[in-house]
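Excluded from the calculations below are hydrogen atoms, water molecules and symmetry mates; all remaining heavy atoms, backbone and side chain alike, are included. Treat the numbers as computed from the prediction; the structure is a model and nothing was measured. Chain identifiers are assigned alphabetically (A, B, ...) following the order of the sequence lines, protein sequences preceding nucleic acid strands; residue numbering begins at 1 within each chain.
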There are 2 protein chains.
Amino acid sequence: MKKIDILKKLRSSKLRPTKQRVEIAKFLFEREKTFHFTVESLNKLLIKKSTSKIALATIYNTVHAFKTAGHLSEVEVRGNKTYFDTNVSNHHHFYDSENSELIDIDANEIVIQKIPKAPNGKKIKNVEVFINLKN
Amino acid sequence: MKKIDILKKLRSSKLRPTKQRVEIAKFLFEREKTFHFTVESLNKLLIKKSTSKIALATIYNTVHAFKTAGHLSEVEVRGNKTYFDTNVSNHHHFYDSENSELIDIDANEIVIQKIPKAPNGKKIKNVEVFINLKN
DNA sequence: ATCTAGTTTATAATTATTCTAAAGTGAAAA
DNA sequence: TTTTCACTTTAGAATAATTATAAACTAGAT
Ligand SMILES: [Mn+2]
Ligand SMILES: [Mn+2]
Ligand SMILES: [Zn+2]
Ligand SMILES: [Zn+2]
């Protein structure tokens, strides 16, 4: 991901490209593979990686702005913390509870043959599949 | 569900059948349909229903003991609170985010045709499908 | 009836998250 | 350029869910 794209992501999230925000955005989006993280884990990684300290509140704010703008998705996994995902396409997950790890499953890797119709007056927004793993 | 079954559930959860625990257990298990709840919602309902006051800590303890014993399951839904489910069979859910409501989907209502194989050294424990609803 | 391990409860502690308000900063206007 | 000011960052406070603590209470065995 090029610098210009980082700036585009920030602008489309209604965020001015400040030093802290650019650092967070580069850390999140300048990578090949999907990145699943909690705010806590992201904070720890940024402390190691980055030279300047970034306040936790700034990380919360920035991550939420990216989520609202559609640049991050939220994944619901067991536990008390909120997980985010740099993969915002429609996809599914393996969940390895041994080490609290999410692994992406591409949408076309799962085919559902039969599905119930939505209840009275409701429509189906999307279907999420979780495959829980064991050793 | 008969009283004897309530006592059996308590005993199998390694819980002595105290007044409070019997009240919680009867409220949870003496019903026809699945009951999805948070500790907070359960507490409110018990305050209305029950004569004696039950401490929140007792509700947490009892619900967790039931979960550990397999009499309740935990359902992961968006949000910060933990949901429990009196349906402990393998099943799926509609999730209506408008009113934070879970609706059961029987396991045989969903047929998955294609599924990826578990990663390196892991096995599939179970598959959970969430169908998110909109209006 | 007495005893004792298990239980309840109020309250404190912890954890994740959000709020607040004061100090800082950058880009546009003068 | 200097000024200006809306936007930011940040430390710390506030809130919310959950868990821990420890003293008072009880079920069930003796
Ligand atoms: Mn969660
Ligand atoms: Mn949840
Ligand atoms: Zn993902
Ligand atoms: Zn259910």
Checklist entry - For T58(B) and dT9(C), is the shortest distance between a side-chain N/O and OP1 or OP2 below 4.0 Å? => result yes
Item to check | Check: F94(B) ring centre within less than 6.0 Å of F130(B) ring centre | outcome: no
Checklist outcome for this item: Here the distance between atom P of dA5(C) and atom CG of L15(B), to the nearest Å, is 19 Å
Item to check | K14(B) NZ - dT7(C) C1' separation (whole Å) | outcome: 17 Å
Next on the checklist: Quick check on K49(B): does its NZ atom have over 12 non-hydrogen neighbours (other residues, nucleotides or ligands) under 6.0 Å away?
Outcome noted: no
Checklist entry - Expressed in angstrom and rounded to an integer, what is the separation of I54(B) atom CD1 from dT7(C) atom P? => result 15 Å
Next on the checklist: Can a side-chain donor-acceptor contact be found between D106(A) and H91(A) if the only test is distance below 3.5 angstrom?
Outcome noted: no
Next on the checklist: Please tell me if Q20(A) has a side-chain N or O lying less than 4.0 Å from either OP1 or OP2 of dT10(D).
Outcome noted: yes
Item to check | Any T18(A) side-chain N or O less than 4.0 Å from OP1/OP2 of dT9(D) | outcome: yes
Checklist entry - In whole angstroms, how far is the C1' atom of dT10(D) from the CG atom of N61(A)? => result 10 Å
Checklist entry - Distance only, no hydrogens: is a donor on one side chain within 3.5 Å (strictly under) of an acceptor on the other, for S52(B) and E23(B)? => result yes
Next on the checklist: Please confirm whether the ring centroid of F37(B) lies under 6.0 Å from the ring centroid of F84(B).
Outcome noted: yes
Next on the checklist: Whole angstroms only, please: what is the CD1-P distance between I59(A) and dA16(C)?
Outcome noted: 14 Å
Checklist entry - In the 5'-to-3' direction, what one-character label does each nucleotide of nucleotides 14-20 of chain D receive under the scheme B = base within less than 4.0 Å of a protein heavy atom, S = sugar-phosphate only, - = no such atom? => result ---SBBB
Item to check | H93(B)-D85(B) side chain donor-acceptor pair, cut-off 3.5 Å | outcome: yes
Next on the checklist: Can you tell me if R21(B) touches the phosphate of dA27(D), counting only side-chain N or O atoms and a distance under 4.0 Å to OP1 or OP2?
Outcome noted: no
Item to check | Separation of atom NZ in K19(A) from atom C1' in dC7(D), rounded to whole Å | outcome: 16 Å
Next on the checklist: Just the rounded figure in Å: distance from P of dA27(C) to CG of L7(A).
Outcome noted: 11 Å
Checklist entry - Judged by modelled atom types alone, do K123(B) and N135(A) share a side-chain donor-acceptor pair under 3.5 Å? => result no
Checklist entry - Which part of the nucleic acid, if any, lies within contact of K53(B), taking any heavy atom under 4.0 Å across all strands shown: a base, the sugar-phosphate backbone alone, or nothing? => result sugar-phosphate
Checklist entry - Is the distance from OP1 or OP2 of dT26(D) to the nearest side-chain N or O of R16(B) less than 4.0 Å? => result no
